[in-house]
Amino acid sequence: MTNKELLKIADEFGTPVYVYDVESIRHQYEKLTSSFGKKTRFFYAAKALTNINILKYVKKLGASLDCVSINEVKLGLKAGFAPQNILFTPNCVDLAEIEEAMHHKVHINIDNISILEQFGNKYGSSYPIFVRINPHIFAGGNYKISTGHIDSKFGISIHQLRHIERVMNTTGINVEGLHMHTGSEIKDPEVFLQGLEIMFGLAEHFPNLKYLDMGSGFKVPYQDGEMETDVKELGKKVEKAIHEFAKESGKHFELWFEPGKFLVSKSGYLLVKANVIKQTTATVFVGVNSGFNHLIRPMFYDSYHIIENISNPKGTERIYTVVGNICETDTFAWDRKIHEVREGDILIFRNAGAYGFEMSSNFNSRLKPAEVMFLDGKAHLIRKRDEFEDLLRNQVEVL
Ligand SMILES: *Cc1c(COP(=O)(O)O)cnc(C)c1O
């Protein structure tokens with residue numbers, strides 16, 4: 001999107017506002033589908049961005065949906081996804097939530113022995129399931145967002161394979177898919193291949209296996225000089241490995257992936273206004289009309305977002321510390337070169353599509369921002385900005 005289009009949106013809808021350029025989502029999706037074989041399927045990880053319009057758009061592209069809560073499942077069904085195109089991959093939910101997903105007839109992925117046993121005892125082979133394996137490969141990114149390591153709460157340890165088999169043998173539970181999601185931002189395609197080899201090794205223990213779900217881990221560049229996961233290269237290697245395995249073993253599995261960030265990160269911008277320029281003895285702060293109540297990634301896991309001043313793109317570059325207006329330290333970025341910022345200027349945060357609005361809150365009793373979808377050159381409001389009444393909506397006054 002151009003600065004002019006973004007400024008127009010800031011003007012029309014006010015700030016702070018999230019903007020999603022859906023053309024970018026299409027571009028990313030097609031990059032994936034053109035890199036892998038026809039049979040490989042992509043389940044958009046809804047938790048990255050769940051606005052119903054984004055879900056509908058992703059569905060129209062042909063994607064399936066990965067959901068981590070029953071409400072995401074319901075949103076997906078409401079957006080028009082067929083149940084067989086939804087995978088429910090929860091963590092630490094009770095059997096009741098799993099049963100609710102069963103009633104919606106979606107694929108279910110179980111990630112601990114306790115629920116596997118409860119499910120098996122109650123339903124036996126009547127409802128096929130996936131099992132989420134933790135292969136213990138430490139893969140990429142920040143420790144906080146890596147899910148495959150030994151301390152992780154996710155999945156059933158690969159060392160518990162015998163225990164899984166015991167549950168299968170005694171309850172008759174029908175495992176139709178194996179899943180692993182080792183983390184976010186894996187730079188090296190070899191990590192996926194290593195994961196795939198582990199899957200192949202496991203396959204012989206699961207006679208009814210149809211699907212291998214490799215989760216996500218597709219990296220997107222956040223700062224200049226960073227690389228995106230080379231999906232062309234990954235696609236080639238993975239398809240080759242699948243083909244060779246099929247030749248050796250006679251087993252054909254459908255391969256699934258669950259990209260979240262890869263599809264929607266780049267599409268998103270958070271537009272904010274510079275409220276105050278504050279010179280201290282140590283730095284120049286730009287205080288903007290947002291904070292970690294709207295974009296928590298920089299504070300939560302030190303993520304980097306490019307910040308640009310679209311009101312003064314030709315101004316002299318100066319060094320700023322960009323902070324929010326929340327009463328709690330909420331530094332978006334230290335020592336950033338930004339074209340001179342004047343009070344009232346509009347700044348953009350790039351790569352704000354994934355885990356941006358989704359993690360927003362009403363901390364400090366501030367309002368959640370609006371969301372705008374940019375489609376075919378037109379801006380559509382897809383979520384109204386919170387209003388004051390929203391802060392009181394579920395409160396019960398007893399005094
Ligand atoms: C979060 C999540 C994803 C998506 O991860 P990204 O890094 O956004 O691509 C995929 N699968 C599962 C099970 C997840 O929890």
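Positions are given from 1 along the sequence. Every number for a ligand or one of its atoms is a count from 1 in the order of the listing.
Taking each heavy atom of G155 and D111 in turn, the nearest pair found is N-OD2, 3.1 Å.
Distances below 4.0 Å separate heavy atoms of T89 from the following atoms of ligand 1: 13 (C). Which parts of ligand 1 touch Y355 is read off a 4.0 Å heavy-atom cut-off, strictly below it: atoms 1 (C), 4 (C), 5 (O), 6 (P), 8 (O). Ligand-side atoms of ligand 1 in range of A45: 3 (C), 4 (C), 10 (C), range being under 4.0 angstrom from any heavy atom.
For ligand 1, none of its N or O atoms has an N or O atom of R132 under 3.5 Å away. Distances between N or O atoms of E258 and those of ligand 1 include at least one value under 3.5 Å. For ligand 1, the polar-atom distance check finds an N/O of G260 within less than 3.5 Å of one of the ligand's N/O atoms. For ligand 1, one of its N or O atoms has an N or O atom of K261 under 3.5 Å away.
E165 is linked by a salt bridge (charged side-chain N to carboxylate O under 4.0 Å, His left out) to R162, counting only residues two or more places apart in sequence or in another chain.
A side-chain donor from one of W256 and E254 sits under 3.5 Å from a side-chain acceptor of the other. Remark: the N208 side chain and the N174 side chain contain an N/O donor-acceptor pair separated by less than 3.5 Å. Side-chain atoms of H181 and S216 include no donor-acceptor pair closer than 3.5 Å.
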Identify all side-chain donor-acceptor contacts of residues 317-324 below 3.5 Å with residues at least two apart in sequence or on another chain.
{"unit_1": "Y320", "atom_1": "OH", "unit_2": "V341", "atom_2": "N", "d": "2.9"}
{"unit_1": "T321", "atom_1": "OG1", "unit_2": "T283", "atom_2": "OG1", "d": "2.9"}

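Contact between F43 and ligand 1 is absent, with no heavy atom of the residue lying under 4.0 Å from the ligand.
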